[in-house]
Amino acid sequence: MVTGPVEDPRFVGYRRKLIEDIRSHGVDDLEVLELFDRVPRHLFLPEGVLPRAYEDAPIPIGFGQTASQPSLQAYYLTLLKPTRQEKVLEIGTGSGYLTALLALMADRVYSVERVRELSHRARKSLDSLALRNVALLVGDGTIGWRKYAPFDVMVVSASSPSVPSTLVDQLADGGRMLIPVGSRDSQDLVMVRRTGFAVTEEVVKGECTFVPLLGSFAWRGEAGG
Ligand code: SAH
């Protein structure tokens with residue numbers, strides 16, 4: 001575990017079980033698996049769902065949103081592998097759990113969330129682990145975060161009808177982005193890579209279901225949040 005509050009020893013056992021569940025989904029990268037031991041997921045979830053904190057499942061976090069399934073997040077990290085020198089842009093902070101995992105791998109993580117309350121809650125969780133290399137922004141992540149661009153790695157945790165060109169524009173040379181693309185009901189996980197002016201897209205996993213990316217360059221005309 002990273003530095004943080006003293007924790008209930010039961011959670012250590014639950015985390016070991018979660019890591020076994022992630023392995024059973026085919027993730028065998030030890031550096032990635034170890035991160036799931038270091039970040040206590042229960043610190044990122046609301047009180048009412050704590051008994052489910054170490055299930056390998058999407059968990060509701062309020063505001064109609066969910067924290068993504070850990071094995072899927074582990075797959076993201078295995079494919080993207082940000083290094084200690086790299087800058088990451090995350091769209092959809094949500095609970096902040098993936099933000100924390102990314103912060104342990106990368107130089108700096110910039111994370112945008114449209115629901116203010118979720119961003120504030122994530123900030124408290126990240127602070128409780130003394131993770132200081134994370135900048136959070138409340139706003140529409142489909143326009144990226146131009147001030148800190150370009151980014152070596154981009155992680156989009158909500159689904160889009162297409163790859164927003166605004167995000168591709170903020171991808172560094174040699175950069176890579178994972179984004180679920182498709183209909184509201186089902187999406188393909190797409191890896192976008194930029195090399196110089198060349199941009200390639202490759203489907204790395206089919207039949208995913210993410211919450212929608214709501215914004216100027218994704219699903220539009222939504223109320224509430
Ligand atoms: N990785 C997060 C996933 C949360 S679900 C976790 O595991 O907790 C996806 C999040 O994307 C939601 O919190 C939702 O509010 C947010 N989101 C949707 N559209 C967005 C946009 N345009 N900009 C920023 N965040 C957005």
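In each ligand, atom 1 is the first atom listed, and ligand 1 is the first ligand listed.
The ligand atoms of ligand 1 that sit less than 4.0 angstrom from a heavy atom of Gly94 are 4 (C), 8 (O), 13 (O). Less than 4.0 angstrom separates some heavy atom of Val112 from each of these atoms of ligand 1: 24 (C), 25 (N). Numbered from 1 in the order shown, with element, the atoms of ligand 1 that lie under 4.0 Å from a heavy atom of Thr93 read 2 (C), 8 (O). When each atom of ligand 1 is checked for a heavy atom of Ser157 under 4.0 Å away, the hits are 1 (N), 3 (C), 9 (C). Less than 4.0 angstrom separates some heavy atom of Gly139 from each of these atoms of ligand 1: 23 (N), 24 (C). Atoms of ligand 1 lying under 4.0 Å from at least one heavy atom of Thr66, given by number and element, are 3 (C), 4 (C), 5 (S). Atoms of ligand 1 lying under 4.0 Å from any heavy atom of Val115, numbered from 1 in the order shown and given with element: 15 (O). Per-residue contacts place Gly141 under 4.0 angstrom from the following atoms of ligand 1 (heavy atoms of the residue considered): 21 (C), 22 (N), 23 (N), 24 (C).
In this structure, Ser216 has no heavy atom closer than 4.0 Å to ligand 1. Heavy-atom distances between Val155 and ligand 1 stay at or above 4.0 Å for every pair. Under a 4.0 angstrom heavy-atom cut-off, Ala122 registers as lying outside contact with ligand 1.
The closest heavy-atom contact to atom 8 (O) of ligand 1, among the options Gly96, Gly215, Ser95, comes from Ser95.
In terms of the side-chain hydrogen bond (donor to acceptor under 3.5 Å, both in side chains) criterion, Asn133 has no residue partners (sequence neighbours excluded).
Side-chain atoms of Ser186 never come within 3.5 Å of backbone atoms of Gly182 as a donor-acceptor pair (strictly under, hydrogens ignored). A donor-acceptor contact shorter than 3.5 Å is absent between the side chain of Asp188 and the backbone of Val203. A donor-acceptor pair is defined here as one N or O able to donate and one able to accept, closer than 3.5 Å; such a pair exists between the side chain of Ser125 and the backbone of Leu43. Within the 3.5 Å criterion, the main-chain N or O of Val168 finds a donor-acceptor partner in the side chain of Arg194. Gln170 places a side-chain N or O within 3.5 Å of a backbone atom of Trp145 that can act as its donor or acceptor partner. With hydrogens and angles disregarded, a donor-acceptor distance shorter than 3.5 Å links the side chain of Ser160 to the backbone of Ser162. Under a 3.5 Å cut-off, the side chain of Glu113 and the backbone N or O of Leu118 do not form any donor-acceptor pair. Panel note: side chain Glu86, backbone Thr83; a donor-acceptor pair is recorded below 3.5 Å.
The side chain of Gln65, and not its backbone, has at least one atom closer than 4.0 Å to an atom of ligand 1 (non-hydrogen atoms only; side chain from C-beta on). Here Pro212 has backbone heavy atoms under 4.0 Å from ligand 1, and that is the only part of it that gets that close. With a 4.0 Å heavy-atom cut-off, ligand 1 is reached by the backbone of Leu213 and by its side chain too.
The N/O atoms of Asp140, backbone and side chain alike, include one that comes under 3.5 Å of an N/O atom in ligand 1. In terms of polar-atom proximity, Gln73 is counted as a contact of ligand 1, with an N or O under 3.5 Å from an N or O of the ligand. Checked by distance only, ligand 1 and Leu118 stay at 3.5 Å or farther apart across all their nitrogen or oxygen atoms.
When each of Arg41, His42, Arg16, Arg10 is tested with Tyr54 by the rule side chain to side chain donor-acceptor pair (under 3.5 Å), just one qualifies, namely His42.
Ion pairing of Arg15 with Asp37 is present here, as a side-chain N (NZ or NE/NH1/NH2) and a carboxylate O approach within less than 4.0 Å.
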